[in-house]
Enquirer: 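The structure that follows is given in the form of structure tokens.
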Amino acid sequence: MCGRFTLTSDIDEIVELFDIGRNEFEGYQRRYNIAPTNIVPAVLTVDGERVLRGFKWGLVPFWSKDGKSSYSMINARAESILKKPAFRNLIDRKRIVLPCSGYYEWRKEGSGKQPYLFQLNSEKTFGLAGLYDTWEGPDKNTVWSCTIITTSPNELAEKVHDRMPVILNENGIDLWLDTNNMDKDLLTSLLTSYPTEEMKLFPVSKAVNYVKNQGEDLIKEVVLNSK
DNA sequence: CCAGACGTTGTT
DNA sequence: GTCTGG
DNA sequence: CCAGACGTTGTT
DNA sequence: GTCTGG
């Protein structure tokens, strides 16, 4: 999973897919409109209600000493998620889904790296499976942080990369966000690659390499020079 | 027993 | 906090 | 990806 | 130069 993904501004799509209130989404936008770029939105269930809040991307486990997360904690491997001490205790009660309209992966091509954008064929918003944790700082502040789960790629994704994020369909989102669901077999069975035939991929501008670049141009297809 | 890890990926 | 490796 | 190791022995 | 660990 790359270090960059996009979120559509289509409120209706998000509200519908995640079954959250419209005011929940608008409240999120208000609360986080000046958040740093490493804060990402995600949906969780609190007291039976779907809630959208910001998480620092890069898990900080509750037992962390300094509140920092290593770069590697941005992802958790689905295959080992029940074994790894940093993740396995989170699967019971700390599950989230991150709204996403597309994600980038880079492929080495000749001298440089060509970014590709993955989307659903429908170009609609989808959900990435994640886990979160909270960490209490010395001054009693709480850091909410998260990690995105990766799995082996489907036939499309493997053209570019050897991993892909876990994408949940609507049913998967419901199961993953159901706080009453403690069935580890069922939960881990959701952590597979998304159907190839429902996804598309195309090259995009290398402008995506610079985080400061934003906007529509980054999700447009570009024509690559054939060799 | 205790110290040290605890994790994954690759444009930052 | 808990597990692992030395 | 990049920084740092790259090794073994034993009177430290 | 190449491998490994972070």
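This is a predicted model, so every value here is computed, not measured. Order of the sequence lines sets the chain letters (A, B, ...), proteins ahead of strands, with each chain counted from 1.
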Enquirer: Quick one: A/Trp106 CH2 to B/dT8 P, roughly how many Å, whole number?
Expert: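 Rounding to the nearest Å, CH2 of A/Trp106 and P of B/dT8 are 21 Å apart.
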Enquirer: Roughly how many Å apart are B/dT11 and D/dA3, using the P atom of each and rounding to a whole number?
Expert: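 Comparing P positions in D/dA3 and B/dT11 gives a spacing of 15 Å.
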Enquirer: Name all pairs fulfilling the salt bridge (Lys or Arg N to Asp or Glu O under 4.0 Å) condition that reach into residues 45-57 of chain A, sequence neighbours left out, sorted by first residue then second.
Expert: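 Those involving residues 45-57 of chain A are A/Arg50-A/Asp174.
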Enquirer: Rounded to the nearest Å, what distance is computed from the CD1 atom of residue A/Ile81 to the P atom of nucleotide B/dT8?
Expert: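 Answer to the nearest Å: 9 Å.
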Enquirer: With sequence neighbours excluded, give me every side-chain hydrogen bond (donor to acceptor under 3.5 Å, both in side chains) pair touching residues 179-188 of chain A.
Expert: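 Residue pairs passing side-chain hydrogen bond (donor to acceptor under 3.5 Å, both in side chains), neighbours aside: A/Asp92-A/Lys184.
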Enquirer: Between B/dG7, B/dT11, B/dT9, which one does the side chain of A/Pro85 approach most closely?
Expert: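 Of the candidates, B/dG7 comes closest.
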Enquirer: Which residue is it: A/Ile20, A/Val51, A/Asp19, A/Leu98? I am looking for the one with a side chain to side chain contact (heavy atoms under 4.5 Å, CB included) to A/Val43.
Expert: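 Filter result, single survivor: A/Ile20.
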Enquirer: Show me the pairs that pass salt bridge (Lys or Arg N to Asp or Glu O under 4.0 Å) and involve residues 133-161 of chain A, at least two apart or across chains.
Expert: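 Qualifying pairs, neighbours excluded: A/Lys94-A/Asp133.
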Enquirer: How many whole angstroms separate atom CG of A/Leu191 from atom P of B/dT8?
Expert: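 These atoms are roughly 13 Å apart.
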Enquirer: Pick the C1' atom in D/dC2 and in B/dT8, then give their distance to the nearest Å.
Expert: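 Here D/dC2 and B/dT8 have their C1' atoms 15 Å from each other.
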Enquirer: To the nearest angstrom, how far is A/Ile74 atom CD1 from D/dC1 atom P?
Expert: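 That distance rounds to 14 Å.
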Enquirer: How many Å lie between CG on A/Leu90 and C1' on C/dT2, as a whole number?
Expert: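 Rounded to the whole Å, the gap is 13 Å.
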Enquirer: Stacking here means centres under 5.5 Å and planes under 30°; does A/Trp63 stack on B/dC6?
Expert: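 Aromatic stack with B/dC6 present for A/Trp63.
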Enquirer: Looking only at atom P, what distance separates B/dA5 and D/dC6, rounded to whole Å?
Expert: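 Each nucleotide's P atom is 16 Å from the other's.
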Enquirer: Look at the side chain of A/Thr150 and decide which nucleotide, out of B/dG7, B/dT8, B/dC6, has an atom nearest to it.
Expert: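 Nearest listed nucleotide: B/dT8.
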Enquirer: With A/Phe87, which residues qualify under ring-ring contact (aromatic ring centres under 6.0 Å, His included), at least two apart?
Expert: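 So A/Phe87 forms no ring-ring contact (aromatic ring centres under 6.0 Å, His included) with any residue.
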Enquirer: Which of these, A/Ile96, A/Leu177, A/Val97, sits in a side chain to side chain contact (heavy atoms under 4.5 Å, CB included) with A/Thr45?
Expert: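 Checked A/Ile96, A/Leu177, A/Val97 against A/Thr45; only one passes side chain to side chain contact (heavy atoms under 4.5 Å, CB included): A/Leu177.
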Enquirer: Quick one: which of C/dT2, C/dG1, B/dG7 gets closest to the side chain of A/Ala86?
Expert: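 Among C/dT2, C/dG1, B/dG7, the one nearest the side chain of A/Ala86 is B/dG7.
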Enquirer: Is there a Watson-Crick or G-U wobble partner for E/dC3 with both distances under 3.5 Å, and if so, which one is it?
Expert: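 The base-pairing partner of E/dC3, which may sit in any strand shown, is D/dG4.
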Enquirer: How many whole angstroms separate atom CZ of A/Arg88 from atom P of B/dT8?
Expert: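 Result: 13 Å.
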Enquirer: So, is A/Ser64 near the phosphate of B/dC6, with a side-chain N or O under 4.0 Å from OP1 or OP2?
Expert: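 False: A/Ser64 side-chain N/O out of range (4.0 Å or more) of B/dC6 OP1/OP2.
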Enquirer: Are A/Arg77 and B/dT9 close enough that a side-chain N or O sits under 4.0 Å from OP1 or OP2?
Expert: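 Yes, such a contact exists.
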Enquirer: If the C1' atom of D/dT9 is compared with that of B/dC1, how far apart are they to the nearest Å?
Expert: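 The answer is 26 Å between these two C1' atoms.
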Enquirer: Polar-atom pairs under 3.5 Å, protein N or O versus N or O of nucleotides 4-6 of chain C: list them with distances, or write none.
Expert:
none

Enquirer: Give me the ring orientation class for A/Tyr104 and A/Trp106: parallel if the planes are under 30° apart, tilted from 30 to 60°, perpendicular past 60°.
Expert: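 Answer is tilted, since the angle falls between 30° and 60°.
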Enquirer: Can you name the ring-ring contact (aromatic ring centres under 6.0 Å, His included) partners of A/Phe18, sequence neighbours left out?
Expert: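 Scan of A/Phe18 (ring-ring contact (aromatic ring centres under 6.0 Å, His included), adjacent residues dropped) gives none.
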Enquirer: Using the P atom in both, what is the distance from D/dG10 to E/dC3, to the nearest Å?
Expert: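 Roughly 29 Å separates the two P atoms.
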Enquirer: Take the protein atom CH2 of A/Trp57 and the nucleotide atom C1' of B/dG7, then report the distance between them rounded to whole Å.
Expert: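 One finds 15 Å between C1' of B/dG7 and CH2 of A/Trp57, rounded.
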Enquirer: Taking the same atom, P, in E/dG1 and in B/dT12, what whole-Å distance lies between them?
Expert: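 Those two atoms are separated by 22 Å.
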Enquirer: What's the CD1-C1' distance between A/Ile149 and B/dT9, to the nearest Å?
Expert: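 Rounded to the whole Å, the gap is 16 Å.
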